[in-house]
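Each ligand, and each atom within it, is numbered from 1 in the order the structure gives.
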Amino acid sequence: MSIPVETAPASATPPVQASQVTKDTYKGKIHPDWCPGCGDFSVLAALQTALFELGLKPHQVLVVSGIGCSSNLPGYINSYGMHTLHGRSLPVATGAKLGNHELKVICVGGDGDGYGIGANHFVHTMRRNLDLTYIVMDNQIYGLTTGQVSPTSVKGMKTKSSPYGSVENPINPIPMAIVGGATYVARAFSGKQKHMVEILKGAIQHNGFSLVDVFSPCVTYNKDNTYKWFNPRIKILEEQGHDPTDFNKAIERGYQWGEEIPVGLFWRRTNLPTLEELEPVLHDGQGPLAWRKLGLSDEQAHALIKELL
Ligand SMILES: Cc1ncc(C[n+]2csc(CCOP(=O)(O)OP(=O)(O)O)c2C)c(N)n1
Ligand code: SF4
């Protein structure tokens, strides 16, 4: 079988015609199969609005996910997308970003996906300060697998896998990301969509690794951390004069849990170079790696592809 070898254009310009972006541009063709009322609907809508308001074109955006209800999101948005393996969105996204550093790369997934099986990738992607936006739809439970305890389930929470109450301390992703090297660390709530849009726009525009942890209630399996439970507790940092350049305050507010739970931008740092900025090969004037010639003859390329397939 002869495999056609794609010849890369010499210029860095992607071979896609940019069309006019409208409010509907980012609407996908498939209707989400999430349960009615799932917090993930709000995250999808906020992300679509943020991309529209930033004037980005779908061909400039790649959305990468792992596995879970929340990780189905790339199927519902009109952009480039990859639905990868459980916990593996960040390494796949890292490869994509280094392959084409002009892309806006956005990772999405759940708390189980990102803070459980994918926690090692989370830590290493943060310390590299790759220019990625990571949105975690944190419902404090495994939704897709029908309600087991997750790394962010509250201690004592009764789930299918912890019928007498979880005995484990949960992960707190906010302080973890601040000390882990993330340079934009924020939290949003599905019940405050307008605020989420602003947080997402800031994250996507930020040059460096941004985490947006979103309280996105699982209305089917988490009967503790519901909209009703969150609504009176959620307080917006931006309305309280929080300074996101104050490291100690960011950590302190990140630990707050109980009667008052802050959402908003906890921490932002702008003086740390990104991994892409430190990679000399990306700055030799030849544009993204993805658009460069391979430097192989057609025969060599065919032989290589044959070997890999
Ligand atoms: C390697 C691997 N282990 C386990 C699973 C089963 N599994 C699928 S989704 C999931 C957890 C989903 O929870 P979360 O990431 O929080 O997403 P949600 O469904 O709540 O949005 C698990 C354990 C899997 N698909 N692959
Ligand atoms: S099971 Fe939970 S997380 Fe999954 S779609 Fe339903 S409400 Fe959303």
Side-chain angles (χ1 to χ4, degrees), residues 28 30-48 63-77 81-93 106-126 132-155 157-163 166 168-174 176-177 187-193 196 200 211-231:
I30 300 167
H31 184 73
D33 66 352
W34 292 318
C35 309
C38 175
D40 297 352
F41 282 102
S42 181
V43 181
L44 173 65
L47 180 58
Q48 288 166 328
V63 184
V64 187
S65 70
I67 299 292
C69 297
S70 42
S71 289
N72 289 340
L73 188 145
Y76 310 139
I77 191 164
M82 287 180 83
H83 194 179
T84 73
L85 300 175
H86 196 28
R88 309 298 175 222
S89 64
L90 287 172
V92 172
I106 299 166
C107 278
V108 296
D111 40 295
D113 191 74
Y115 305 146
I117 191 168
N120 53 346
H121 300 305
F122 178 49
V123 170
H124 292 292
T125 315
M126 287 194 291
L132 288 181
T133 298
Y134 188 26
I135 305 170
V136 179
M137 284 159 265
D138 185 353
N139 54 19
Q140 300 165 267
I141 200 142
Y142 288 0
L144 188 74
T145 46
T146 71
Q148 295 80 16
V149 75
S150 98
T152 53
S153 297
V154 169
K155 199 172 188 173
M157 185 174 171
K158 290 186 179 162
T159 71
K160 208 174 252 185
S161 61
S162 59
S166 168
E168 297 177 9
N169 293 314
I171 274 182
N172 183 334
I174 301 297
M176 192 175 164
R187 192 194 270 146
F189 171 46
S190 286
K192 295 217 176 286
Q193 203 185 101
M196 197 190 323
L200 290 180
L211 171 74
V212 182
D213 183 79
V214 185
F215 291 135
S216 178
C218 171
V219 292
T220 304
Y221 296 110
N222 188 337
K223 301 296 181 189
D224 295 347
N225 308 110
T226 60
Y227 281 102
K228 202 173 161 201
W229 187 87
F230 276 118
N231 271 327

State whether the shortest distance between N or O atoms of [X] and N or O atoms of ligand 1 falls below 3.5 angstrom.
| X | value |
| --- | --- |
| C69 | yes |
| G68 | no |
| N139 | yes |
| D113 | yes |
| S71 | no |

Check whether any side-chain heavy atom of [X] sits under 4.5 Å from a side-chain heavy atom of [Y], and report yes or no.
| X | Y | result |
| --- | --- | --- |
| V64 | I106 | no |
| F122 | M176 | yes |
| V92 | M82 | yes |
| Y134 | V212 | no |
| R88 | I67 | no |
| N222 | M157 | yes |
| P217 | N139 | no |

Can you list the atoms of ligand 1 that are under 4.0 Å from a heavy atom of [X]?
| X | answer |
| --- | --- |
| L144 | 9 (S), 19 (O) |
| D111 | 16 (O) |
| I141 | 16 (O), 20 (O) |

Side chain, backbone, both or neither: which applies to L85 and ligand 1 if a contact is any heavy-atom pair less than 4.0 Å apart?
neither

What part of I67 sits under 4.0 Å from ligand 1 if we count only heavy atoms: the side chain, the backbone, both or neither?
both

Best match, G112, S150, S70, G87: closest heavy atom to atom 17 (O) of ligand 1:
S70

Restricting to distances shorter than 2.8 Å, give the number of protein N, O or S atoms close to atom 4 (Fe) of ligand 2.
1

Ignoring hydrogens and geometry beyond distance, is a side-chain donor-acceptor pair present between Y115 and D213 at under 3.5 Å?
yes

Locate the shortest heavy-atom distance separating I117 from G87; write the atom from each residue and the value.
CG2-CA, 3.6 Å

Would you please determine whether I117 falls within less than 4.0 Å of ligand 1 on a heavy-atom basis?
yes

Pick one: which of L73, D113, V136, T133 meets side-chain contact (heavy atoms from CB on, under 4.5 Å) with V108?
L73

NZ of K223: more than 12 outside heavy atoms within 6.0 angstrom?
yes

Verify whether the ring centers belonging to F215 and F230 lie closer than 6.0 Å.
yes

Which residue holds the protein heavy atom closest to [atom], what is that atom called, and what is the gap in Å?
| atom | answer |
| --- | --- |
| atom 24 (C) of ligand 1 | H86 CD2, 3.7 Å |
| atom 6 (C) of ligand 1 | T145 CG2, 3.9 Å |
| atom 7 (S) of ligand 2 | V219 N, 3.4 Å |

For residues 30-44, dump all side-chain donor-acceptor pairs below 3.5 Å to protein atoms at least two apart in sequence or in another chain.
unit_1: D33; atom_1: OD1; unit_2: Y76; atom_2: OH; d: 2.9
unit_1: W34; atom_1: NE1; unit_2: C69; atom_2: O; d: 2.8
unit_1: D40; atom_1: OD1; unit_2: S216; atom_2: OG; d: 2.6
unit_1: S42; atom_1: OG; unit_2: S190; atom_2: O; d: 2.8
unit_1: S42; atom_1: OG; unit_2: Q193; atom_2: NE2; d: 3.2

